[in-house]
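Written below as structure tokens is the structure these notes are about.
Numbering of ligands and ligand atoms starts at 1, following listing order. This one's a predicted model, so the numbers in the text were calculated from it and none came from an experiment.
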Amino acid sequence: MSQQLPDSVPPDLFAARADAIASAARELALAGWTPATSSNFSMRIDDGHAAITISGRDKGRLTRDDIMLVDMQGRAVGTDARPSAETALHTQVYRHWPEAQAVLHTHSRTQSVASRLYANAGVVHLQGWELQKAITGHTTHESVLEIPVFPNIQHMPELVARVDAWLSAGKPLAAYLIDGHGIYTWGRDMAEARRHLEALEFLLGCELDLRRLNA
Ligand SMILES: CSCCC(=O)C(=O)COP(=O)(O)O
Ligand SMILES: [Zn+2]
């Protein structure tokens with residue numbers, strides 16, 4: 001399956017983004033956060049396009065050939081490949097935050113268990129953890145970092161609408177969980193997105209430990 005690029009997308013840029021996505025995916029798979037082909041990853045190419053993982057690929061064995069181009073409505077561009085089932089959640093981030101350059105979605109055990117545990121509350125309140133400062137804009141452990149938990153709606157437009165409703169309420173959003181599913185987070189570059197993902201994995205793990213110890 002070959003990727004034809006529009007004239008507006010430099011091949012070197014697409015290749016660099018595809019390599020960055022594949023390399024991040026392989027590393028996150030090694031950590032055990034992408035079991036059984038789960039998870040998806042993308043990077044912005046320009047205002048109208050993103051590079052994203054082809055659906056169903058083993059994220060531990062990803063190469064640049066497993067990455068394809070989509071437009072900001074999530075439609076395949078220049079290929080017959082099928083983009084990630086959750087592409088609409090990625091393009092929503094790029095449309096909402098012009099500075100966002102990378103979106104990461106994983107299914108770690110910690111993320112999955114936390115999503116179930118906090119589904120009824122609809123939100124995880126993080127406060128008092130030094131590592132909250134790894135999230136851009138959070139300068140003190142004393143601030144509250146709210147991670148919403150959205151229902152695992154299979155109909156993507158409805159899930160996109162839930163995220164939009166949170167944003168329309170004027171609430172800050174650095175990441176969200178989906179119940180029984182996993183986490184989405186993003187950043188101004190791949191390094192920032194990775195930092196957010198690793199910090200949230202750690203913070204959710206700490207909250208789960210506290211729940212166990214207090215039980
Ligand atoms: C086997 S995991 C179910 C789909 C999913 O949640 C996921 O993250 C991977 O979907 P994709 O279409 O991006 O491979
Ligand atoms: Zn998923």
Side-chain angles (χ1 to χ4, degrees), residues 1 3 14 17-45 49-77 79-95 100 102-119 124 147-163 166 173-187 190 193-194 196-198 200-201 204:
M1 205 116 43
Q3 173 70 62
F14 180 79
R17 296 284 189 267
D19 286 345
I21 293 169
S23 146
R26 290 194 304 270
E27 287 175 27
L28 294 168
L30 267 183
W33 297 2
T34 72
T37 76
S38 69
S39 310
N40 35 71
F41 308 101
S42 70
M43 290 194 82
R44 183 192 293 277
I45 296 289
H49 301 96
I52 192 163
T53 41
I54 295 175
S55 185
R57 300 289 164 95
D58 178 347
K59 308 309 184 296
R61 296 173 186 276
L62 233 56
T63 72
R64 65 164 68 160
D65 294 337
D66 297 306
I67 312 301
M68 62 179 287
L69 193 68
V70 291
D71 64 21
M72 288 307 180
Q73 277 67 50
R75 296 176 296 226
V77 175
T79 173
D80 293 332
R82 190 158 49 93
S84 166
E86 297 159 17
T87 298
L89 300 175
H90 292 249
T91 53
Q92 177 180 37
V93 170
Y94 295 124
R95 288 195 310 269
V103 179
L104 303 176
H105 163 58
T106 52
H107 283 229
S108 80
R109 196 180 183 92
T110 296
Q111 294 151 15
S112 302
V113 172
S115 74
R116 307 252 39 201
L117 206 55
Y118 292 91
V124 185
I147 310 298
V149 186
F150 297 116
N152 192 21
I153 302 164
Q154 299 292 329
H155 185 57
M156 279 301 128
E158 210 178 317
L159 188 46
V160 167
R162 296 291 184 118
V163 179
W166 177 278
L173 189 65
Y176 57 83
L177 288 163
I178 305 175
D179 184 13
H181 185 158
I183 197 165
Y184 271 86
T185 191
W186 47 88
M190 180 60 86
R194 286 283 298 268
H196 288 170
L197 185 65
E198 286 168 22
L200 290 163
E201 171 75 9
L204 293 172

Please tell me whether [X] and [Y] have a donor and an acceptor in their side chains that are separated by less than 3.5 angstrom.
| X | Y | value |
| --- | --- | --- |
| Asp71 | His49 | no |
| Thr79 | Gln3 | no |
| Thr91 | Gln73 | no |

If you stand at the Zn ion (ligand 2) and look out to NE2 of His105 and NE2 of His107, what angle do those two lines make, to 10°?
->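 The angle at the Zn ion (ligand 2) comes to 90°, rounded to the nearest 10°.
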What is the NE2(His181)-the Zn ion (ligand 2)-OE2(Glu86) angle, to the nearest 10 degrees?
-> 80°
Residues forming a salt bridge (Lys or Arg N to Asp or Glu O under 4.0 Å) with Arg95, sequence neighbours excluded = none
Not counting sequence neighbours, which residues clear ring pair (Phe, Tyr, Trp, His ring centres under 6.0 Å) with Tyr184? List them please.
->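 With neighbours one apart ignored, the set is His90, His105, Tyr176.
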Drop me the distance from Ile178's CD1 to Phe150's CZ, to the nearest 0.5 angstrom.
->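 The CD1 atom of Ile178 sits 8.5 Å away from the CZ atom of Phe150.
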Write out the protein residues near ligand 1, meaning a non-hydrogen atom under 4.0 Å from one of its atoms, in order of chain and number.
-> Ala36, Thr37, Ser38, Ser39, Asn40, Ser55, Gly56, Lys59, Ser84, Ala85, Glu86, His105, His107, His181
Can I get a per-line list of side-chain donor-acceptor pairs under 3.5 Å for residues 19-28, giving both atom names and the distance, sequence neighbours left out?
| unit_1 | atom_1 | unit_2 | atom_2 | d |
| --- | --- | --- | --- | --- |
| Asp19 | OD1 | Arg64 | NE | 2.9 |
| Asp19 | OD2 | Arg64 | NH2 | 2.8 |
| Arg26 | NH1 | Leu62 | O | 2.7 |
| Glu27 | OE1 | Arg194 | NH1 | 3.1 |
| Glu27 | OE1 | Arg194 | NH2 | 3.0 |

